[in-house]
Protein chains: 2
Amino acid sequence: MAPTTPQPTTPQQAATAPASPTDEAAVDVPSRGKGRPRSATADRAILDATRAALAEIGWGGLTMGHVATRAGVAKTTLYRRWPSKNELVVDAVASLFDELEIADLGSLQADIEAVVAQFADLLARPETQAALLALFAEGSRDPQLRRRIRERIVDPQKHLVQLGRANAQARGELGPDRDEDTACEEIDIIFDTIAGTVEHRMLVSGEPISPAWIRRFTTLLLSPLPGLTAALAETPHP
Amino acid sequence: MAPTTPQPTTPQQAATAPASPTDEAAVDVPSRGKGRPRSATADRAILDATRAALAEIGWGGLTMGHVATRAGVAKTTLYRRWPSKNELVVDAVASLFDELEIADLGSLQADIEAVVAQFADLLARPETQAALLALFAEGSRDPQLRRRIRERIVDPQKHLVQLGRANAQARGELGPDRDEDTACEEIDIIFDTIAGTVEHRMLVSGEPISPAWIRRFTTLLLSPLPGLTAALAETPHP
DNA sequence: GCAGATACGCTACGACTCGTAGCGAAAGAG
DNA sequence: CTCTTTCGCTACGAGTCGTAGCGTATCTGC
């Protein structure tokens, strides 16, 4: 019998509410189990199909019906969980970023180089390229989507910068925090610089990222431009 | 969808073929005037309507029919000139970047700060935000569109970096080129860093760009991280 | 076990956009 | 004045979106 309960849209949101607010990709939350629980298999199939379809036909060609067919699932099942294509793709792509890690390799430069290489590899995958830019584009106009992107994709990356900074301080490569605000701003600026530069290089300029390029980039971050006269460095606040 | 199809219909391409292949914004090319020339007024109205519609309803909501109505033009007229929404938006957005200039303010840092401020102002405009990211996203899968974006938007910006570098060399702030390749690579990396960082800050992190932020960013570019011990700087090639 | 509740696959639907085709009228070029 | 091209308009088939309704499958609580 058709449950005439309201819930016009966003059944996902309502159903997920009782679960931990910081929960991740695991969209199926049969916590308040009453009726038939949502199939976790279907969830995985949908997310996998979304990533595969993204890699093959890109964002523009990605249709909900296509994803449903590919996942062996009814289209209505998609809409029961994700209110729109955007939200679905956020979940599908976010998990790709979980593999990013920052290791303590003994020097700040080595650590940065390693994480940049990981990031470059991730952005080299076709499903990541198409999806990430499309998400950013949609997010520029949809505040809710932007928030979700922040929580699921951007903030975890920023955390890597925090960790790397802390490691460098522990090794004595960086001085201690002068104050809290300055530290936050410094992390922000370093994060935007690393992520933005790598993304721009790969996604906009469209040129590959080689170990040599990574070496030059990190050197730029950590030391002045080669050939820069000392005169300018002495007057950072003209 | 449109980008998926190879190129079943390219009326624009065929019609524009006799014109110079490297021609730019001036889409109307009544060069081989025989019959009624294309209305330059209509062209301007269409591009203006496209920018306005982008600012209001964004990329996703932008439809060809909507632009046509807004411009007071038949939808068919749009398709007579631009083969797809992507190409139209490239032309509509490219002109926005023409206002970017690099001045010789007497110091490299001041010059960079000025151009970053201009770029940030440009990216603060809603039509630029939505359009630029959407174009990048489409371009990540459509090589022809990507090439067009490069020619019309990216390369002109890169030229600014070249100019700023030359100015700094003329002032003696930067040493002369060691060799051609190194100079090119250095320009590439600086360009990706400036453009990518500003774009990431504004479009992804979604935080504003203040003069203070610009000062910190350019200082980061031109000098080592504050607090960085000299030990690391001495070993750029561990 | 047996209800009740929920999710499932399937089909169909209206609304919308896409890009094209055909028409008669308008506006310059020669 | 004629010829050529563009113009606005209308209509069309194809495709997608997101929703609704149906009957069935599956799990929980009594």
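Note that this is a predicted model, so its numbers are computed, not measured. Here is the naming used below: chain letters follow the sequence lines, and residue numbers restart at 1 for every chain. Excluded from the calculations below are hydrogen atoms, water molecules and symmetry mates; all remaining heavy atoms, backbone and side chain alike, are included.
- Remark: E180(A) engages no residue in a salt bridge (charged side-chain N to carboxylate O under 4.0 Å, His left out) (not counting sequence neighbours).
- Distance CG (L62(A)) to P (dC17(D)): 8 Å, rounded to an integer number of Å.
- Spacing between atom OH of Y79(B) and atom P of dC9(D) amounts to 17 Å, rounded to whole angstrom units.
- Which of dT17(C), dC17(D), dG8(D) sits closest to the side chain of T63(B) comes down to dT17(C).
- D43(A) places its CG atom 12 Å from the P atom of dA7(C), with the value rounded to the nearest Å.
- Scanning for salt bridge (charged side-chain N to carboxylate O under 4.0 Å, His left out) contacts around D48(A) gives R51(A), with sequence neighbours left out.
- Listed by chain and number, the residues in a side chain to side chain contact (heavy atoms under 4.5 Å, CB included) with E56(B) are R70(B) (sequence neighbours excluded).
- The CH2 atom of W59(A) sits 11 Å away from the P atom of dC17(D) (whole-angstrom rounding).
- For K75(B), the side-chain hydrogen bond (donor to acceptor under 3.5 Å, both in side chains) test picks out no residue, with sequence neighbours left out.
- In this structure, NE2 of H66(A) is placed 9 Å from P of dT16(D), rounded to the nearest angstrom.
- Following rounding to the nearest Å, M64(A) (CE) and dT19(D) (C1') show an atom-to-atom distance of 13 Å.
- Using a 4.0 Å cut-off between charged nitrogen and carboxylate oxygen, R125(A) and E99(A) count as a salt-bridge pair.
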Taking only N/O atoms, report every protein-nucleotides 21-27 of chain C pair under 3.5 Å with atom names and distance.
| from | atom 1 | to | atom 2 | distance (Å) |
| --- | --- | --- | --- | --- |
| dA26(C) | N3 | R36(B) | NH1 | 3.1 |

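- Mapping V73(B) and K85(A) onto DNA chain D by nearest heavy atom places V73(B) at the nucleotide closer to the 5' end.
- Residue I46(B) contributes atom CD1, which lies 13 Å from atom P of dT6(D) at whole-angstrom precision.
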| said: As a quick check of understanding, evaluate salt bridge (Lys or Arg N to Asp or Glu O under 4.0 Å) for R165(A) and E186(A), giving each step before the final call. | reply: CA-CA 10 Å; R165(A) 191 171 185 275; E186(A) 196 174 306; 3.5 Å; yes
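- Residue contacts for G61(B): at a heavy-atom cut-off of 4.0 Å it reaches no nucleic acid atom on any strand shown.
- For I57(B) and dC16(C), the CD1 to P distance is 14 Å, given to the nearest whole Å.
- Not counting sequence neighbours, D121(B) has no partner by the salt bridge (charged side-chain N to carboxylate O under 4.0 Å, His left out) test.
- Position along DNA chain C of the nearest nucleotide to K75(B) versus T77(A) favours T77(A) as the more 5'-ward residue.
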